[in-house]
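Because the structure is predicted, anything quoted here is derived from the model rather than measured. The basis for the numbers below is simple: all heavy atoms, side chains too, and nothing from hydrogens, waters or symmetry mates.
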Amino acid sequence: MLDSTYYYLLQKINVVGLKNKGLSRNFIEALNHHKGIYGTLKVHHDLINLKYNIHHKSVHQLRKIMNLSTQKKKREYHSYKSDIDKTAHNIMARDFNADITLKNV
């Protein structure tokens with residue numbers, strides 16, 4: 001990379017960062033309000049309700065840049081509580097045991 005290009009890129013203003021400055025504040029408030037369980041799409045819909053016109057992929061990028069990860073909501077364990085069914089009665093009285101191999105064939 002040329003020296004002039006390198007110094008040009010260093011001096012270049014971070015337009016995206018300035019554009020998303022207020023957005024990131026609302027982004028963090030939305031996550032804190034919902035205890036960090038909100039996903040990217042739900043935060044995206046929250047921001048749309050706050051009149052921000054932003055794509056959901058941009059929300060995902062902001063999440064990556066700010067190192068914010070979501071937690072999964074823990075589910076409670078529910079064991080099977082109904083009665084175990086009994087096996088059906090052998091009404092036809094069929095005998096499925098054969099004395100010799102392939103007797104019924």
> Is a side-chain donor or acceptor of H44 paired with a backbone partner of I54 at a separation under 3.5 angstrom?
Replying inline: yes
>> What's the separation between atom NZ in K51 and atom CG in N26, rounded to the nearest 0.5 Å?
In response: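 So the gap between those two atoms works out to 13.5 Å.
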>> Nearest 0.5 angstrom please: H55 NE2 to L47 CG, how far?
In response: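 So the gap between those two atoms works out to 13.5 Å.
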>> Minimum heavy-atom separation for H56 and L41, please, with both atom names.
In response: CB-CD2, 3.9 Å
> For the residue pair M66 and S24, what are the closest heavy atoms and their distance?
Replying inline: SD-CB, 3.6 Å
> Does one hydrophobic cluster hold both Y6 and L2, with members joined at side-chain heavy-atom distances below 4.5 Å?
Replying inline: no
>> Grouping I, L, V, M, F, W and Y whenever their side-chain heavy atoms are under 4.5 Å apart, do L23 and L50 come out in a common cluster?
In response: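 L23 and L50: one cluster.
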> So, do D46 and H33 sit near enough that their side-chain heavy atoms are less than 4.5 Å apart?
Replying inline: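 Not in contact.
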